[in-house]
Amino acid sequence: MAVEEMKAEAQQMADPPAFFQAHVFVCCNRRPDGHKRGSCAARGSEGLRDYMKARAKELGLAGVRVNMAGCLDRCEFGPTIVIYPEGIWYKIVTTSDIDEILEIHLRRKGRVTRLMLTERDVPPGKA
C-alpha cells in the first residue's frame, strides 16, 4: 500500500465513541501477610470496591464502570484507585472517601485533592 493510500485510510478511521464515560479501577491485589510492600486487599480494598460499585449504581451514575484491578504498583499508599480517562489516582480508606469521590469527581467532574496521589507519591525504590 502506498504512503498516500495509508494516510487516506488513517484519516477515514475514527475512534469509536467511549463505551464508558469513566472507568474506575480499584486495586484488589493481595500479597502474603507480612510482605514489605503490603497490599491493598489486606487494607480492605475488596469491601471498598463492593461498596463503590453498589453506591455508583444507587446514585445512577450512568456510564461509570467500577472494576477490580490487580496490582496498580502503588501498594504503599493503598488502598488505591485510578479513574480514567483522566488518569487521576486516589487513596481510599473509608466509605466516606468513596462517597466524596463519587460525588465530586464522577458526578461534578471535580477533584478530591485531599485524597489524590500525585507525581510526588512514589513508592520507595521507584524514584
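All residue numbers in this chain count up from 1 along the given sequence.
Partners of Asp50 according to the salt bridge (Lys or Arg N to Asp or Glu O under 4.0 Å) rule, which considers only residues two or more places apart in sequence or in another chain, do not exist here. Every side-chain hydrogen bond (donor to acceptor under 3.5 Å, both in side chains) that Arg107 has, sequence neighbours left out, goes to Glu103. With sequence neighbours left out, the side-chain hydrogen bond (donor to acceptor under 3.5 Å, both in side chains) criterion links Thr95 to no other residue.
Residues Arg43 and Gly78 approach most closely at CD-O, 3.4 Å, considering heavy atoms. In terms of heavy-atom proximity, Val66 sits nearest to Ala56 at CG2-CB, 4.4 Å.
Side-chain heavy atoms closer than 4.5 Å link hydrophobic residues (I, L, V, M, F, W, Y) into clusters, and following such links, possibly through other members, connects Ile92 to Ile83. Note on Val112: it clusters hydrophobically with Val64, by side-chain heavy-atom contacts below 4.5 Å among ILVMFWY residues.
A salt bridge links Arg114 to Asp97: at least one charged side-chain nitrogen sits closer than 4.0 Å to a carboxylate oxygen.
Using a 4.5 Å heavy-atom threshold, the side chains of Ile81 and Met52 count as touching. Looking only at side-chain heavy atoms (C-beta outward), Arg74 and Cys27 stay at 4.5 Å or farther from each other. The closest side-chain heavy-atom distance from Leu106 to Leu59 is not below 4.5 Å.
The side chain to side chain donor-acceptor pair (under 3.5 Å) pairs that include a residue from residues 58-70 are His23-Asn67, Arg55-Glu58, Arg65-Asn67, where partners are two or more places apart or lie in different chains. Residue pairs meeting the ring-ring contact (aromatic ring centres under 6.0 Å, His included) criterion with at least one partner in residues 40-85, sequence neighbours excluded, do not occur; the list is empty. Residue pairs meeting the ring-ring contact (aromatic ring centres under 6.0 Å, His included) criterion with at least one member in residues 98-122, sequence neighbours excluded: Tyr90-His105.
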